[in-house]
Amino acid sequence: MDPKPVRTRFAPSPTGRMHLGSARSALYPFLLARRTGGTFILRIEDTDQKRFVPGAEQELIDGLHWLGINYDEGPDVGGPCGPYRQTERREIYHEYAWKLVELGHAFPCFCTPDRLDKVRQEQMKNKQNPRYDGACRNLNPDEGRRRAASGEKVVIRFKMPKEGSITTTDLLRGPSTTENSALDDSVLLKSDGLPTYHLAAMVDDHLMEITHVIRGSEWLPSLPLHTHIIRAFGWEEPQFVHLSVFLKPSGKGKMSKREAAEAIQDGHSIYVSEMQSLGYIPEGVLNWIALMGWGVSEGDVLTLDDMIARFDIHNLTPSPAAMNFAKLDHFNATHIRLLRTDDLAARVKPYFLREGLAVDDAKLLKIIPLIRERLVTLDDSLPFAAWFFKETVEPKPADLVAKNLTAAQSADVARKAYEILAALSEITPAVAEPPLRLLVEQLGLSPNQVFGILRVAVTGQTVSPPLFESMEIVGKEKVLERVKKAIKVLEST
Ligand code: GLU
């Protein structure tokens, strides 16, 4: 492990919803920064105006906060290398693009889209790879500057060497050599004055002193161009890590919008904000995404602190990872069980409030230990425990009838149970369970038959947390009231 403090960044484009891929692209550089006592930066890459989505930046910021991936520098917190939103750095890119022209590694290009289109079509007809044909490569730079200054539409292109090759290195994949003849004179500065990703990211990574660029594997094919740009400026090269892609649950092909929509049908989602409302907790989500691309050898249940302590960039893997939602459920349930009672209570409370229920905090604290083991997501607490916060419950008459008994026989059982409960000093498991078990024996019935009637009477449902503990929380008065009501229902069934 390199003990030197690193500087890393998460550089999302605000072009859509924040999904798990973005969360993972943020998590690893964050972990590396924290592991080494370094700095983690949020940079908003918003130079593609056509794909800009209003609100997307806020969603990213909210998502990072929710996950606990905190950044040291960023658009809303500032820092020494700002601004951290690329559209606010136009002049910087302009300056560096023309600097590259001066250095002889870039050139202004005045070709019209029409001409470029014709060239492309000609190349396709001849079965050549479409690329820039070099028409403006040898323009005199002074003349270029003058024409651009006079308002002529201009882009700046990288002047890719015609000969030779370039060797690039991805930390996970090792070195790779590319012939320069296979590379294009890519656009660095567009005619709207904004940079392309290629220029903006290289300039920013340099000025922000990024030591490790951790990004999606879709950028791997651009690494030769990026390395060319960095070397043309004579800058130090950061370490590059390209993360594996996410595959759909079947493992066949990349996750598409359609699969994302299908996932939501069965209570899953790839979008961070949706996972939150589906009842996933950040600990579960983080654990799940962390292991999709990071080979951890022992014990896979990790908190963010565990991850920071154990993170090693060399253990990231370039092989694609299939999204396994069952694993997400497993991690979420596991981390829910690890939460302190008061913490879990605070987290499930909004789900009850969302249903319009009035939540009594003291009661909720007593309920949590009864349901904790059964929760996969926070909203699973509703089917188990929402009834606790209702004034009355409305059991279905048919549910009150015990298996193999008639309604009249069930009413009789309920009456006997009522008498026992009414005579008790209090209803706690220790006080109420022994006499009711005795009743089961005396009647020659099964516990399921007797307790089933009581469960439905008191909770209004056939599945609930443990009966005696639940009755204790409900309180003697209400328990008796509900059993009495159930007897009436059974008598008239
Ligand atoms: N804005 C780029 C994207 O969202 C960033 C890639 C990078 O991390 O450099 O794909």
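In listed order, ligands and their atoms are each counted from 1. Residues: numbered from 1 along the sequence shown.
- Note: Phe311 and Trp294 meet the aromatic proximity criterion, with ring centroids under 6.0 Å apart.
- Heavy atoms of Phe10 stay at 4.0 angstrom or farther from ligand 1.
- For Gln86 and Asp204, the side-chain atoms include at least one donor-acceptor pair closer than 3.5 Å.
- In terms of protein heavy-atom proximity, atom 10 (O) of ligand 1 is nearest to Trp219 NE1, 3.1 Å.
- For atom 5 (C) of ligand 1, the nearest non-hydrogen atom of the protein is Ala11 O, 2.9 Å.
- In summary, the aromatic rings of Phe10 and Phe30 are positioned with their centroids too far apart to meet the 6.0 Å limit.
- Protein heavy atom closest to atom 9 (O) of ligand 1, with residue, atom name and distance, is Tyr197 OH, 2.4 Å.
- In summary, the atoms of ligand 1 found under 4.0 Å from a heavy atom of Glu45, numbered by their order in the structure, are 1 (N), 2 (C), 5 (C).
- With ring centers used as reference points, Phe158 lies 6.0 Å or more from Phe107.
- Heavy atoms from both the backbone and the side chain of Ser13 come within less than 4.0 Å of ligand 1.
- The distance between the ring centers of Tyr28 and His212 does not fall below 6.0 angstrom.
- We find that Lys162 and Glu179 are not joined by a salt bridge, their nearest charged nitrogen and carboxylate oxygen being 4.0 Å or further apart.
- Counting only heavy atoms of the protein, atom 8 (O) of ligand 1 lies nearest to Arg9 NH1, 2.8 Å.
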